[in-house]
Every structure is written in structure tokens, then in C-alpha cells.
Amino acid sequence: MGQATVEAPATRQARRRRLPVVPQIWLVAGGGWVGRIVQVVAQLLVVRILTDHLGVEGYGVFALLASLATWFTLSDLGVGVSLQNHISERRASGADTGSLVISASLLAIAACGFVTLLVALTGPLLARFILGDFGFLSPGHKLLVFYAMAFPGIGTALGSLLYRVWFAQHRGYLSNLMPAAGTILGTLGVWIASRTHIEPALSWSVSLFYAPIALLPIFGLGITLARLARLHRPSMELAKTVLRRALRFWLFGIIAATVLQVDFIIMAKVLSARDIVIYSIATRVFGLVFFVYNALLMGLWPMCSEAVAGGRWEEVNRMVRKYVALGAVFVILSGCAIEVTKPWIIATLAPSSRLAIPGSIVVLLTIYYVLRVWTDTFSTVIQSINHLNVLWIALPFQATFSVTFQVLGARWLGLEGMILGLILCFLLTTSWILPLAIHRLSAASPTAEA
């Protein structure tokens, strides 16, 4: 038998240097694409399971509750976003982040505990307001199904702190793969509930879908904190520093949710359950498209934080131009593909509903998501450098326009009018205010590259 050849360390190092290096943003985005695709496919499978099991009205309730998820991600009072930016800044200067993570996590635990108590006390009122127009649900069932979504939603907000840490460490692919695993488990739970006919079916379906999405990151966060606690201790000064910035992000999140997350509530009050299901299916399919781009944005966030901290504004501007162009082209091509395949989409996802997606809805959503590519990219840059003043100016107006135009549009023109209202609130505000702000910031920076 021949003797094994031992590779010299210098040879190994040289070979590693010759290997192609994958840009970090594409590694994060790649994990994001896999994770997001798995999530959206699983959610689309849930559409099929629940429309068959619960009917159009039952799935309409599920879709309405799903739209509230973003509101519950605010339960950490903005601590997660603040923590991510603080970690990026410390990484740029080579400082340690262990005590920072522990201090921020304790803040988030306290915040989510307070929100849990508040939701428990106000649940009957909230359930009656949100689900009041679904007459087939009793008052007790409305409260039960609301809690089935609300409490896991708060847990997801707490667990998402782990995702923010991973994003700041340029390991965002993990932050997309773990929610995908939770969504797979949740979809499996919904399928089991449909097969066993456990009652009440709607409440069990909601809780089984959202519980794994919350429990997995909470478990991961617990492991991370236990490991960090061996060498680090919480700091009151660090907690105050995180909280000061967090509250600004939290208020911003509330206003942003008023822009983006009132559509289903408005539909529940103005339109029919069939409109809710059509909109839910269409936006979930488009969501698969936008999630692909959003994965890029999550990878772009820490890179912008570090580039601006180093005075490299031209690098930020190049990235923005590149990814906006890529995103817009991708959305337009995807919109064309959705229009061609929409009969197959309905036949696959909700054959028992006998619904159809109008071509006007596909066109309007394509325009809307192109606008989202544009505005979300500039918004990501602004948030990554903590320059929120422009958002404080733009978003209150956009939130007011959003609610007003969506309500009026829904009443006058139905579902198409509601989407037109969404488009109009972007065109009148953030679509031009945010790019102008970035241009002025980069031009005024004393360390910006020529």
C-alpha cells in the first residue's frame, strides 16, 4: 500500500487563494432564495389545503390573520433592527459584540412579555374589531383564533433577534433557512389538522402553522445566549444605547405597517371573502417574486452599514443602481409569466374555490412590486445607516394616503381600486423622497469617494 502524501500548509493556503470567492451578498441572497422559495411554496400549499378543508370564507380568515404577522413583529420595540446596526458598526471597528447581544436580548424579552400581557387583556376587543365581519364565527371562536395567531406572532418577534444577529454577521442565509424549516413544519401541522378533522379546525390550523415558526428561533436564541453568557455579561449602558435607537425604529415600523399592512383589514370591512382569497393568492405568488429580491436587500443592509461607516458612498450608489435594475426586470418578467399561467395557478392552489384572477389585478400588482423594488432599496440604505429623519417626514404622509386611497379605491372600484390606492400612496411620497435623500447624503459626505 502506498504512503499517503501530506500536503504542506503553504500549499493548502495557496490552493485556497486560487478558489473563487463567492461575494457575501450572493451567499446571503442564495440562502435567502432557497429559504424564501421554500416558505412561499409551503404557504401556497397551505392555500390548497385550507380552501379544500375550510372553504373560501375559512381561508379568508386565515389570510386576514396572516396579514397581521408584520404587526406582531413589532413586539420587540425595534430592538432587533437596532441590534443589527450596532453589531455592524462594531464589526467595522473590530469591537466585541457579545455583551451587546445579551443586553439587547434581555430588552427584547421584557418588551415581548409586556406585549403578551397587553394582547391577553385586549384580545376580546381586538378580535371583535378584526374578525367582526365574519359572521360564521362565534365570539368565542373569534377570540380563540386571534390568540392562535397573536401569541406565536409575539414569539416570532422575540426569536427574530437571532436572525438579526446572523444578518449582521453576514450569515443571513441561516436567517432565511430557519424560517423555511418552521414553515415546512407548520404546513405539515395544517395538513395533519385537515386529515384528522380536529376541532375547532380554523383555530388549530392557525396555531399549528405559526407555532413552529416561533419556537425554532426562540430555541436557537436560547442556545446563543447560553453560549455568550459564559464570557459576557449584560450592560445597562449598552441596553440604553440599543433602546434609544430601537424606539425610533419601532415607531417607524408602526408607520410602515400602516402603509403596507392594512390592506386585508380594509378588504374585510369593505370587500367580500372571495376578493380576499383572490388577493391573497395573487400576492402570495408575487410574494415569491419579491422575496427573491428581498433576500438581496437583507444581504445589502450590513454591507451598506459598513461601507458608509468607512466613507465609501460610491460603493453604496453602485450597489443600489445594480440591484434596482435587476429587481425591476425580474418583477416585470415574472408578472408576464404569472399572467400566462394564472389559470393553472388557480387550478393548482384553489380548485374548489372556482375563482379567477383578473388580468387587471396582475398588471396592477406588477406595477406595485416594481415600485416596491425601487422604494425598498432606498429605504434599506437609509435604515442601514440609521438616518431615519427622512422616513419620519415621508411615512406619516404615506400612511395617511395609504389608508385613505385604499378605502376610497375599494369602495369606488373594488379590488382594483384598492391596489391603485396602494400604488398612488407610493408615487406621491417615498418613490421620489427617498432617492433624493440618498443623493443629498452621499453628496454631503466629507469622506465620499469622488
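Heavy-atom basis, side chains included; hydrogens, waters and symmetry copies ignored. Residue numbers start at 1 and run along the sequence shown.
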**OP:** Please answer whether the main-chain N or O of Ala239 pairs with a side-chain N or O of Ser103 as donor and acceptor at a distance below 3.5 Å.
**Re:** no

**OP:** Sort and list the pairs that fulfil ring pair (Phe, Tyr, Trp, His ring centres under 6.0 Å) and have at least one residue in residues 339-368, not counting sequence neighbours.
**Re:** Tyr368-Phe426

Original post:
What residues, two or more places apart in sequence or in another chain, satisfy side chain to side chain donor-acceptor pair (under 3.5 Å) together with Ser75?
Top reply: none

Original post:
Any idea how Phe209 and Phe62 line up, ring-wise: parallel (<30°), tilted (30 to 60°), or perpendicular (>60°)?
Top reply: perpendicular

Original post:
Got a second to check how far Leu422's CG is from Ile367's CD1, nearest 0.5 Å?
Top reply: 12.5 Å

Original post:
What's the spacing between Arg48 CZ and Ser353 OG if we round to 0.5 Å?
Top reply: 10.0 Å

Original post:
Does any N or O in the side chain of Asn317 come within less than 3.5 Å of the main-chain N or O of Ile438, such that one atom is a donor and the other an acceptor?
Top reply: no

Original post:
Is there a donor-acceptor pair under 3.5 Å between the side chain of Tyr59 and the backbone N or O of Val47?
Top reply: no

Subject >> Pairwise distance CE(Met149) to CD1(Ile154) - rounded to 0.5 angstrom >> reply: 9.5 Å

Subject >> Carboxylate-amine/guanidinium proximity below 4.0 Å for Glu315 and Lys322 >> reply: no

Original post:
In terms of ring plane angle, is the pair Phe401 and Phe397 parallel, tilted or perpendicular, where the classes change at 30° and 60°?
Top reply: tilted

Subject >> Taking every non-hydrogen atom, the tightest pair across Ile332 and Thr366 >> reply: CA-CG2, 4.1 Å

Subject >> Leu371 backbone acceptor or donor facing Thr375 side chain under 3.5 Å >> reply: yes

**OP:** Have a look at Ser384 and tell me which of Ser88, Cys304, Ser379 forms a side-chain contact (heavy atoms from CB on, under 4.5 Å) with it.
**Re:** Cys304

**OP:** Indicate yes or no for a side-chain donor-acceptor contact from Ser402 to the backbone of Val259 under 3.5 Å, with no hydrogens or angles considered.
**Re:** yes

Subject >> Tyr369 ring center within less than 6.0 Å of Tyr293 ring center >> reply: no

**OP:** For Arg274 and Val56, indicate whether the former's side chain and the latter's backbone hold a donor-acceptor pair under 3.5 Å.
**Re:** no

Original post:
Is there side-chain contact between Arg372 and Leu260, with at least one heavy-atom pair below 4.5 Å?
Top reply: yes

Subject >> ring pair (Phe, Tyr, Trp, His ring centres under 6.0 Å) partners of residues 186-207, not counting sequence neighbours, each pair once >> reply: His53-His197

